[in-house]
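Quick note: residue numbers are just sequence positions, from 1. Computed from a prediction, not measured in an experiment: that's the story for all the values here. Start at 1 and go down the list; that is how both ligands and their atoms are numbered.
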Amino acid sequence: MATGCAQNWKAATMTKPGEFPYEAGLHPKGYTSRPWTIRQLAGLGDGMDTNKRFHYLLDRGETGLSLAFDLPTQLGLDPDDPTAVGEVGRAGVSVATVDDLAAVFDGIPLDQVSVSFTINATAPMILALWIVVAEESGVDPALLRGTLQNEMLKEHAARKAFVFDLDDSFRFSLDVIEYCVRHLPKVNPVSISGGHAREAGANRAMEVALGIADAETYLQGMLERGFTVDQVAPRLSFIFGTHMEVLAEAAKFRVLRRMYATRMVDLFGATEEKSTRMRIQVNTFGSALAASEPLNNIARTTVQAMAAVLGGVQSLHVCGFDEAAQTPGQLSARVALRVQQILLKETDLAQHIDPLGGSDVIARIADEIEAEASGWLDDIAARGGLLSCLRSGWLESRIDDMAYTGSGPTVGVVDAEESEEEDWLTERQLRSGVVPGRRTPFERGNCDDRLRALTEDVAAGRNVMESMIAAARARASIGQMQQALAAGLGTAPPT
Ligand SMILES: C[C@H](C(=O)O)C(=O)SCCNC(=O)CCNC(=O)[C@H](O)C(C)(C)COP(=O)(O)OP(=O)(O)OC[C@H]1O[C@@H](n2cnc3c(N)ncnc32)[C@H](O)[C@@H]1OP(=O)(O)O
C-alpha cells in the first residue's frame, strides 16, 4: 500500500458527508434528505411503445427517466436505411425526427422530470430534437433537466458505437457540452463513463482511472475553447458499473469522489465547490448477469444495487433479470424497479448517513484501488494523455489484456439446470416478438437549405448545434443530419 494513499485516507476520514473531498458522500444528510434517483433504462419499438413503458414505470414510482435508443438511431441511420434492417426498434427506441421524440414524451412534463439519454455519436442530433420538442410543447428549453451521455472517448475505447474518427467525434461532443454550458443550465451535457470500459474487460481500478481521465480530457478540451474550469465542471456527470463484490464496489465510489475532487483542485485549480463534486449514475451491467437460470439475476442485481447505495451514488439503474438474453419485458422491468424500492423502503440502507464511514476494511480496499488507479493515470499521462493512448491503440490493448483475466457469474452457469423460467422466457419471446420494430411512419421535411447550412458550419469548424437545431425544426431526420455532418467533414458527398 502506498504511504501517500494511506495518508490521504486518514485525511479523508476526518471529513464528513458533504465536505471536500466527498469520500463520505456529496450531501450532509445523505439519502435521508433525498433518496437516490430511481432511473430505469427503457426504450423499445417506436415512440408510442416507449411512452407506454415510461408511463408504466412512472406510475409505479420511478423518479427519473432513462431512454435507450436502437442501434440505427445511435449510428445516425434512418429506419428506412437498408443497413438498419432487423435493428429498428430493437434494444432501444427508434427515433428519426422531432415527431418521434415528441411521441416518447407524450404526457410527460419535460421541465419537471429529468431524462437521461443514452446517446453518443448522435448526441448533437438528439439534443437538437429534444430542444425542439420542448419548444413545440411550450416548455422553455432552458428549463430542460437531464443528461446526455455524449461520451465519445469511451465509445472509441470500449463501447464502439462511433461513426467519425476520434478527433471529429471529440469535436462534436465538445460542441454539445459548449451549447449546454451556454444555454441549458440544468442539463448535464456528458455522462463520463468508466463503466463501459469495465464491461469491455477493464478491472475496477482501470474503470476508476478511465472515468477520471475522460473527465480531465473533456475539461481540457473546453479550456482550449476558452471556458474556465468552474464554468464547465459543475455539470459534468459520471456513470460507473457495479458488480458482486459489495465492499470493493462501494469503496470504489468513495475513491472516485475523493480522487476526482482532489485532482480538480490540484490539477485544474477549481474554486467552486460544485466543480469538485463527482455526481454518479450507476448501472448494474449485463456482464454481471447470466443467461442461464435467469431468475438468479434478481439476487445478483439486488446485491449489486446494494453496493451502489452503500457507495452513496446519485442515481441507479437495475437490470431486468432477462437482460442477458433480451430487451427487458414489462415484468422484468417492474421487478427491477421493485428491487430499488425494496432497498429504499424496506431496508435501513437509506436511513443512515455514510454507513461505511470509519470501516478499516473499506479504508484498506479504497487505498488499494486508489494506488492502482493512480498508477494507470500516471501511465496515461506519461504516454501523452488519453487521446494519444486511444490513437496508438495502447488503451484498447490494456483493456483487452484484462478481459481475458476477468470473471463473470458462475452459480447456475457452470452447473446450469434446464430451468422453467428459461423455457417461459423463450416462449414469451417468440410469442410477443422481442423485436417490436416501429409502427409509426416518419416523414422528412423540406430542409435542404438547413442541411446545407449545417454542412457549412462543419466545414468552417463552427459549433454545429445552432444549425442542427434549425434543421431539426424543419423536420430533418437524424440520417439527413448525419449525412450533412459527413459532407462537411469531407467523408460523404454534399447533401
Ligand atoms: C448500458 C447502456 C448502454 O451502454 O447502452 C447505458 O449506458 S445506460 C446509461 C444510463 N445513464 C443514465 O441514466 C445517466 C443518469 N445520470 C444522471 O441522472 C445525472 O447525470 C446524475 C448522475 C448527475 C444524477 O442526476 P439526478 O438529477 O438524478 O440527481 P442529482 O444528484 O443531480 O439530484 C437532483 C437534485 O437534487 C439535489 N439533491 C440530490 N441529493 C440530495 C440530497 N441528499 N440532499 C439534498 N439535495 C439533494 C441535487 O443537488 C440536485 O439539485 P440541482 O438540480 O439543483 O443541482
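Every heavy atom of Gly64 sits 4.0 Å or more from the atoms of ligand 1. Not a single heavy atom of Lys186 sits closer than 4.0 Å to an atom of ligand 1.
When only interatomic distances are considered, the shortest N/O to N/O separation between Gln149 and ligand 1 falls below 3.5 Å. Backbone and side-chain nitrogen or oxygen atoms of Arg277 are examined, and none is located within less than 3.5 angstrom of a nitrogen or oxygen of ligand 1.
Between Arg171 and Asp165 there is no salt bridge, since no side-chain nitrogen of the basic residue lies less than 4.0 Å from a carboxylate oxygen of the acidic one. Of the charged side-chain nitrogens involved, none lies within less than 4.0 Å of a carboxylate oxygen, so that Asp49 and Arg438 do not count as a salt-bridged pair. A salt bridge is defined here as a Lys NZ or Arg NE, NH1 or NH2 lying under 4.0 Å from an Asp or Glu carboxylate O, and Arg204 with Glu249 meets this definition.
The nearest heavy-atom contact from the protein to atom 8 (S) of ligand 1 is Asn283 ND2, 3.2 Å. Of the protein's non-hydrogen atoms, Ser116 OG, 3.4 Å is the one closest to atom 11 (N) of ligand 1. Scanning all protein heavy atoms for the shortest distance to atom 9 (C) of ligand 1 gives Thr118 OG1, 3.2 Å. Protein heavy atom at the shortest distance from atom 32 (O) of ligand 1 is Arg279 NH1, 3.8 Å. Nearest non-hydrogen protein atom to atom 18 (O) of ligand 1 is Arg39 NE, 2.9 Å.
Neither the backbone nor the side chain of His317 has a heavy atom within less than 4.0 Å of ligand 1. At a heavy-atom distance under 4.0 Å, only side-chain atoms of Phe285, from C-beta outward, approach ligand 1. By the criterion of a heavy-atom distance under 4.0 Å, both the backbone and the side chain of Gln281 are placed next to ligand 1. Only side-chain heavy atoms of Arg159 come within less than 4.0 Å of ligand 1; its backbone N, CA, C and O stay farther off.
Atoms of ligand 1 lying under 4.0 Å from at least one heavy atom of Ile280, given by number and element, are 22 (C). Applying the 4.0 Å criterion to heavy atoms of Thr37 picks out, from ligand 1, the atoms 26 (P), 28 (O), 29 (O).
Under the 6.0 Å distance and 45° angle rule, Arg277 counts as a cation-pi partner of Tyr22.
Heavy-atom proximity to atom 53 (O) of ligand 1, evaluated over Gln74, Arg145, His27, is greatest for Arg145.
Ser114 and Arg39 form a side-chain donor-acceptor contact under 3.5 Å, judged by distance and modelled atom types alone. Between the side chains of Ser287 and Glu199, at least one donor-acceptor pair of N or O atoms lies under 3.5 Å. Side-chain N/O atoms of Gln340 and Gln40 include a donor and acceptor closer than 3.5 Å.
A side-chain donor-acceptor contact under 3.5 Å links Asp81 to the backbone of Thr83.
Within a 4.0 Å radius of atom 51 (O) of ligand 1, the protein contributes no heavy atom.
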